[in-house]
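Below, read A as the first sequence line, B as the second, and so on, with proteins coming before strands; counting in each chain starts at 1. Quick caveat: nothing in here was measured; it's all calculated off a predicted structure.
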2 protein chains.
Amino acid sequence: MKFSTKVRYGLKALVDLSMNESETPVMASHLAEKQAVSVKYLERILNSLKKAEIIKSVRGCHGGYVLNKKPEDISIYEIYVAVEGDISVSPCSMGDCPRHIACYASNVWGEINSKIVDILKDYDLATVIERVDDELSF
Amino acid sequence: MKFSTKVRYGLKALVDLSMNESETPVMASHLAEKQAVSVKYLERILNSLKKAEIIKSVRGCHGGYVLNKKPEDISIYEIYVAVEGDISVSPCSMGDCPRHIACYASNVWGEINSKIVDILKDYDLATVIERVDDELSF
DNA sequence: TCCAATCTATACCAATATAGTAGGAAATGT
DNA sequence: ACATTTCCTACTATATTGGTATAGATTGGA
Ligand code: FES
Ligand code: FES
């Protein structure tokens, strides 16, 4: 049940991006430095976020990344799907299980899955940022 | 976000056990056969469930396993914890992260984690069995 | 008593998934 | 042209999961 580093680094990068007051894009290297994380790895994560149209990129000299949506319109679910693909709590809930026909538990996993999805859809980036502002300055 | 085979095989075994009308214990090999799963592997899972006092075992000849609680008193959360250890959605929510001090997202993960735990605590074996009875006979 | 059946314990191995690296190609402002 | 930066793809290392093997302990019954 653990979120991968992709999701976690991705979320943190988005928080950093959303705190960028200026209009100039933020470089991957800058975001990575803040997180003490490999630039190359983070670049790939940012690329996934870009493909999902959560952020935009500017290539070339003085390039970087900027948010493409308002924080309140970016859910953790979206972020998850962008970097990991769709959420599935078990093979059952996606229907690609070899034992599918005889499986009685399908709807159990399906129900749990959709409840988890709801939680993550409900949690948006703006809420995350509120928590940041409340709790600690960095 | 995927449940491991331990959780899934474990749940299925518990459903099978709860459907055992007779008073005689059910052998691991019998449960495994129903699931088309390795006996040895399932034995270990059953052992975890036993240590969590969800089931009881009878050793020796004509031995096997029986439920130790009523299905409505066994939550999927309990099953999860029994076979996998405590649920943690990220290092943050357990507090063993090297970046903990500077981490702003702790409570975000913590909140999500506890919501997921709530879902799983809410889903008990009796409910799972209802679904079985409704949907398909096997 | 001895044997077969059954759970228990532990160590080991294989397959898969995650996390991270590396090198270079393409774009862009100066 | 050139430095800077994103983009693309292949590779590798590490961790986790899933599963096997082996030996031992316990019990009921012939
Ligand atoms: S469809 Fe696979 S065990 Fe449920
Ligand atoms: S405590 Fe680790 S990134 Fe949150």
J.: Taking CG from A:L31 and C1' from D:dT5, how many angstroms apart are they, rounded to a whole number?
T.: 13 Å
J.: Does a side-chain N or O of A:T5 approach OP1 or OP2 of C:dA19 to a distance below 4.0 Å, or not?
T.: yes
J.: Please state whether the phosphate of D:dT5, meaning OP1 or OP2, lies under 4.0 angstrom from any side-chain nitrogen or oxygen of A:Y65.
T.: no
J.: Can you tell me the distance, in whole Å, between the CE atom of A:M1 and the P atom of D:dT17?
T.: 12 Å
J.: Is there a chain of hydrophobic side chains (I, L, V, M, F, W, Y, each step under 4.5 Å between heavy atoms) that links A:M27 to A:Y41?
T.: no
J.: Which label fits A:W109 and B:F3: parallel for a plane angle under 30°, tilted from 30 to 60°, or perpendicular past 60°?
T.: tilted
J.: Sequence neighbours left out, what passes side chain to side chain donor-acceptor pair (under 3.5 Å) with A:S75? Give chain and number order.
T.: none
J.: Roughly how far, to the nearest 0.5 Å, is the CZ atom of B:R8 from the CD atom of B:Q35?
T.: 10.0 Å
J.: Where the side chain of A:S57 is concerned, which of D:dT6, D:dG18, C:dT21 is the nearest nucleotide?
T.: D:dT6
J.: Examine D:dG18: is either OP1 or OP2 under 4.0 Å from a nitrogen or oxygen in the side chain of B:Y9? Give yes or no.
T.: no
J.: Do any side-chain atoms of residues 67-74 of chain B form donor-acceptor pairs under 3.5 angstrom with protein atoms, and if so which ones, sequence neighbours left out?
T.:
{"residue": "B:N68", "atom": "ND2", "partner": "B:E53", "partner atom": "O", "Å": "3.0"}
{"residue": "B:K69", "atom": "NZ", "partner": "B:E78", "partner atom": "OE2", "Å": "2.7"}

J.: Partners of B:K40 by salt bridge (charged side-chain N to carboxylate O under 4.0 Å, His left out), sequence neighbours excluded?
T.: B:E43
J.: Whole angstrom is fine here: how far is it from CZ in B:R8 over to C1' in D:dT17?
T.: 11 Å
J.: Using a 4.0 Å heavy-atom cut-off, write out nucleotides 23-30 of chain D from 5' to 3' as B (base contacted by protein), S (sugar-phosphate only) or - (no contact).
T.: BBBBBSS-
J.: Quick check on D:dT20: is either OP1 or OP2 less than 4.0 Å from any side-chain nitrogen or oxygen of B:S38?
T.: yes
J.: Excluding sequence neighbours, so at least two apart, what forms side chain to side chain donor-acceptor pair (under 3.5 Å) with A:T24?
T.: A:S22
J.: Answer yes or no: is there a side-chain heavy-atom contact under 4.5 Å between A:M1 and A:I116?
T.: yes
J.: Could you check how far OH of A:Y41 sits from P of D:dT12, rounded to whole Å?
T.: 18 Å
J.: A:K6 NZ to C:dA17 P: how many Å, rounded?
T.: 12 Å
J.: Looking at DNA chain D, which of residues 42-51 of chain B put a heavy atom within less than 4.0 Å of it?
T.: B:R44
J.: Atom CE of A:M27 and atom P of C:dT28: how far apart are they, to the nearest Å?
T.: 18 Å
J.: Distance check needed: D:dT17 P versus B:K2 NZ, whole Å only.
T.: 13 Å
J.: In whole angstrom, give the distance that lies between atom CZ of B:F3 and atom C1' of D:dT16.
T.: 17 Å
J.: Does A:S57 use its side chain to pair, donor to acceptor, with the backbone of A:R59 at less than 3.5 Å?
T.: no
